[in-house]
Asks: 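Sharing a structure below in structure tokens format, with a few things to ask.
The model shown is predicted, which means the values in this text are computed figures rather than measured ones. Per chain, numbering begins at 1; letters A, B, ... match sequence-line order.
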Amino acid sequence: MSLSPHVSHAASRIAQAVVVVLLAYTATFLIINVLPGDPISNMLLDPDNGFTPEEIAPIIAYYGLDRPVPEQLWTALSRFVVGDLGISLRSNLPVSGLVLDALPSTLTLAASALAVSLLLAFLIAYASQNLPPRLGQGLIRAIPSVSLAIPSFIVGIFLIQVFAFQFGLFRITSPDSFAATLFAAIALGLPVSAQIAEVLITNLDHEARQDYFAVARSRGLSRAALFGRHQLRPSSLPVVTMVALAVGELLGGSLITEAIFGRKGIGSLVQGAASTQDFPVLLAVVSLAAVVFVAVNLLADLIYPLLDPRLRRRQAARIPAPDAETLV
Amino acid sequence: MHIDRLAVSRAATEILRVEDLSVAYGRQTVVRQAGFTLEKGKALALIGESGSGKSTIAKAVLGLLGRGEAKVTGRIRFKGEDLLALPERKFRALRGRAIGFVPQDPQNALNPVRTIGSQAHEAARLLDLPDGEAERRAILDTFALIGLADPERVYRSYPHQMSGGMLQRVLIGLAVLPRPDLIVADEPTSALDVTIQKRILDLLMELRGALDLSLLFITHDLALAAERTDEVVVLKDGAVQEIGASGQVFRAPASDYARRLQADVPALNPDRFRAVARRGQEARGGGGMGIRVEAVSKSFHADGRSLRAVDEVSFSVAAGRTHALVGESGSGKTTLVRLLLGLETPDAGRLTVDGQAVHGLSRDALRGLRRNLQLVYQNPFTSLDPTWKVRNLIREPLDQYRLGDRAEREARVLDTLRSVGLSEELLERRPAKLSGGQRQRVAIARALVLRPRVLVLDEPTSALDVTVQAGILQVLSELQAAHGLTYLFISHDLSVVRQIADTVTVLRHGRVVEQGAVEQVFERPAQAYTRALIDSIPRPRRAESAPAPARDHSYQS
Amino acid sequence: MATFPAAQALPFRDAWAGARRVPTAVILSFAVVFIVVAWSLLPDLFTHHDAYVGDTSQKLLPPSARYWFGTDHLGRDLFTRVVHGTWASVTSAAMAVAVGLVAGGLMGLLAGFLGGWTDTVVARLVDVLLAIPNFLLAVVIVSSFGFETTNIAIATGVSSVAAFARLMRSEVLRTSTSVFVEASGLLGGSRWHILLRHVLPNSSRSVLALAVLQFGTSILIIAGLAFLGYGDPPPAADWGLLVASGKDYPSSPWLVFAPAGVIVVTVLAINRISRWIRHAH
């Protein structure tokens, strides 16, 4: 009984997440099909693409392209919910296989980029609070806003020109080596780290202005204890929110990073699919990204109460105040 | 400074000596050459209104001023050692151990994401006990000492699970736990209900005696300072105006500012506005009922629980008179205001204004009723749209009700502005460029520009300084006398009620505790709760221990 | 009428806030933006070289007094190409902001002001838009509608709808629950009067700050998409495209870093202005 609000809250959030994924799929499907004369048929029938009528007929039958759009959507959706992502128009292979092959490389890159960006953000935020003002605190505080203005493709090219061509720290011919992956992760993670650092610094500053920070300081706490317990700890919630939102950016940004560093992954899969109008692959990747994004944000939502006791609903009962007793 | 033969014995009893202290933020100086001395075991009050620099001095003593931003000069000698000359590392050793701090707003003074126990350990660690268990015992003992019924439970709780009064007890407990010599208390009760204020102050004074603490007490309330401390330092704009034994300063202030402060403290001048109001009432005589509230009830439902905010409340206000609704938080006074203005619908009962029922009206009829019934909000910092100029703020109701033509509206705006004591050069300003008192006057002008007969005043001065409050109350009395307005005055401050109201209803937990004429309720309260409220008004001690002569102006060094 | 005690004197800090000067960095930022806008409107005022036809004998020259940003592989003056590419980069970013501001602003306004099921529907829509990474959304739109700079601008605008809708909604909620809005209702203000005269003016500052910020972000995203080849094909001179074609000549680094520098400085200036709008009083 006492658990039920928690469980029902989780259940309703999960239901919402499922709806969002299905809507994302539908929206992408509609974008592809919104122009009159469906693009898949157009692509197939384009003589330049060299499909023979014998090849086209089964594809049209499989996707139901000869039927109205709502019916096509229904077919696609009902396959999607059981995990069937269709057949690639180009390679004739199941899309799920293509995606699964490409996924590990991109997940490695995205996870490394997240790790890099968290580390950088934390270092910048720590320095922003603990460096004496004269020793370049202002400079440190400018880092996030400057890096927000530098797109990751420029960072990537810069890293390659300097660290691959000048110093030879990695070779772009072996993009999956540890060093190459690390530099790709820096290129992808830098803008994200700037966002996290900005949120973190804003919140650390906010905490430092709170009464409880001054009161804790008046208790003679060391700088490190103050930072950890009374600044960083209460700032963790907005950082989790920020990280969860950044997941989409890491997945989308892999497009550019993979292109620059010559990595094979989801990004290069999308690049290939876009240039050949392989719509089932695009649709699959978009819905996969939506699933990942929604799942991560759901997770974030469910751990908020662990980070902030005020969000734990079931502890609603307040302790009666002794000040009130004697007067009743 | 010169060393005289008393220096040695003085130094032995002196715990804190502030000399020539100035604090500036950039080009703005907030404390100017302040100086005072606190003797061991005594309580000293720093009194002043907002902007007087009293909290800045407290922060300087605690070493909490940002060393990068604030420029601090002078000396703060604590047991003979100059705190301002200490490096941060050495200062840290004094914090908590030697100098404890009790903050203003207990609701935000404990880290919300950590348990009270874990924060108490930060204080207990300063006792250098052998292990965590010993610290825990010390914490629980202290919690028991400060009157918390279930120390174990408090230890495990998070701050949001406790009331403001309990949190302030905890904070006092954490401050005294490491056995400091000096406690700095920055308006420790101004965020609490009046009856709780008294208990917290009693506790603080009791601990001071039991633990032999010296107390630096920051407050805006002259009466409170006179009641609770030995010596007062009166501050204005960062400069010391007067220093003296509290009884002396209170009875016979030597400086102009302290005299004005004393005249404006409501508790000391219960009849200040009577004459004005009487004059108006006698000129008009009785004129029917302004407001009638009959057996009104209202419940709110949240999280499956229901709260009875207003329970069978009845009262009435004669036209042209002032009726006060008094109560602490949770008494239902705010809900009654919202019911009366038609912002909420009652579950049962009837409210009428000027003979007309407030509820069951069409939109237009309610709009018509509100022409005669206006509200002044508690906080003038939120009740005025920051993007509007004063001229448009006051004219808005005229535009909305389409009264008069353009020239007539302008004339009425100007007229009303002057009637609340503001000059027309403010017309083109936005609220951000007005002081708190000016903003509240604009809000009053806006409410009056429609010439309503009934004005609801929801704690209109509780966000303001006493001297500003006195000005606003003066304006309200004059306007009532001039226009025969009916006031419903909501307040938690009984001394203000005593000054301004004719009749009063005391509310508690949504019910009427007692009502009647103000003199009768204040002189002969029938209920224990009313008596407790009245007792919570600070009563400065009358002439006791030989008063030291009041020294005018700044400390001589 | 009786005279009343004079109202309290103006606190020093409030008086000072009105006279606050514009910081030097913000003035510099406005200068940068002014130059960029001038480039896009009147490119020929700034350069006399041809943006599309080069002199192959002058190819891959490093920056000099004659060729400020050097020359590319066809001997075209890079500075001229950057100046001529400004129009496409700036207008597409502006279009993206317009799409996001109008669609997102309206959605947020309705959700916040009407509440109820409108709010729920908008909330789900925003969730969906957030769940699709903006680069992927752009790729899908471009693949379906054609590889053009206009399409990537619209795509970028669509992905910013969520940000505008969320901000607008929270601003509207914040102001419409504020005390001065309730006061306006008691003073006879109608719902429309409150929306137009109180809620919108009080929400506008932060929405404007976001629009400016989003302008910079859009320049970055559109440059990224142009870099990947989703915009107009060469010889167009979109900034992102210039970087992309420059990276094939690693021994002539100015081909990358000159246009890259222009992008970074422009966006930096725009972000600084946005920050100034957000925090100015």
Asks: Would you call R141(A) and D205(A) a side-chain contact if the rule is heavy atoms closer than 4.5 Å?
Replies: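 They are in contact (side-chain heavy atoms under 4.5 Å apart), so the answer is yes.
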
Asks: Heavy-atom pairs under 4.5 Å with chain A - which of G216(C), A223(C), G229(C) has more of them than the others?
Replies: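 So the answer, after comparing G216(C), A223(C), G229(C), is A223(C).
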
Asks: Non-hydrogen atoms of chain C under 4.5 Å away: do they reach the side chain of L250(A), the backbone, both or neither?
Replies: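 Neither the backbone nor the side chain of L250(A) comes within 4.5 Å of chain C.
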
Asks: May I ask you to name which of F257(C), F135(C), F227(C) has the most heavy-atom pairs under 4.5 Å with chain A?
Replies: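 Highest number of heavy-atom pairs under 4.5 Å: F227(C).
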
Asks: Is any side-chain heavy atom of I221(C) closer than 4.5 Å to a side-chain heavy atom of N134(C)?
Replies: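 I221(C) reaches N134(C) side chain to side chain.
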
Asks: What pairs of donor and acceptor atoms, side-chain ones from residues 233-256 of chain C against any protein atom, are under 3.5 angstrom apart with sequence neighbours left out?
Replies:
| unit_1 | atom_1 | unit_2 | atom_2 | d |
| --- | --- | --- | --- | --- |
| D238(C) | OD2 | T149(C) | OG1 | 3.2 |
| W239(C) | NE1 | V82(C) | O | 3.1 |
| S245(C) | OG | L241(C) | O | 2.9 |
| S245(C) | OG | L242(C) | O | 3.4 |
| W254(C) | NE1 | L61(C) | O | 3.2 |
| W254(C) | NE1 | T71(C) | O | 3.4 |

Asks: With a 4.5 angstrom heavy-atom cut-off, could you sort out which part of L228(C) is near chain A: side chain, backbone, both or neither?
Replies: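 Both parts, backbone and side chain.
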
Asks: Please classify the contact of A289(A) with chain C as side chain, backbone, both or neither, using a heavy-atom distance under 4.5 Å.
Replies: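 Looking at A289(A), backbone and side chain both touch chain C.
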
Asks: Could you check which of L225(C), L125(C), L220(C), V267(C) has the highest count of heavy-atom pairs closer than 4.5 Å to chain A?
Replies: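 That would be L220(C).
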
Asks: Heavy-atom distance under 4.5 Å to chain C: side chain of I260(A), backbone, both or neither?
Replies: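 I260(A) touches chain C through side-chain heavy atoms alone.
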
Asks: Given a strict heavy-atom distance threshold of 4.5 Å, which part of V146(A) is in contact with chain C: side chain, backbone, both, or neither?
Replies: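 Both parts, backbone and side chain.
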
Asks: Looking at G252(A), S152(A), A17(A), which makes the most heavy-atom pairs under 4.5 Å with chain C?
Replies: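 Answer, by heavy-atom pair count under 4.5 Å with chain C: G252(A).
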
Asks: Just verifying a value: how many Å separate I219(C) CD1 and S92(C) OG, rounded to the nearest 0.5 Å?
Replies: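 Nearest 0.5 Å value for the CD1-OG distance: 8.0 Å.
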
Asks: Can you say whether R272(C) sits under 4.5 Å from chain A via the side chain, the backbone, both, or neither, judging by heavy atoms?
Replies: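 Neither part, no heavy atoms under 4.5 Å.
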
Asks: Pick whichever of S287(A), G267(A), P151(A) has the most heavy-atom pairs under 4.5 Å with chain C.
Replies: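 Most heavy-atom pairs within the cutoff with chain C belong to P151(A).
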
Asks: Just so I know, are the side chains of I157(A) and Q161(A) near enough to count as touching, which here means a heavy-atom distance under 4.5 Å?
Replies: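 Side-chain contact under 4.5 Å: yes.
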
Asks: Can you give me the closest heavy-atom contact between N33(A) and Q72(A), atom names plus distance?
Replies: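 Shortest heavy-atom contact: OD1-OE1, 4.1 Å.
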
Asks: Hey, are E171(C) and S206(C) close enough side-chain-wise for a donor-acceptor pair under 3.5 Å?
Replies: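 Side-chain D/A pair, S206(C) to E171(C): present.
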
Asks: Indicate yes or no: at least one non-hydrogen side-chain atom of L190(A) is less than 4.5 angstrom from one of I150(A).
Replies: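 Not in contact.
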
Asks: So for V292(A), is it side chain, backbone, both, or neither that comes closer than 4.5 Å to the heavy atoms of chain C?
Replies: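 Interface part for V292(A): neither.
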
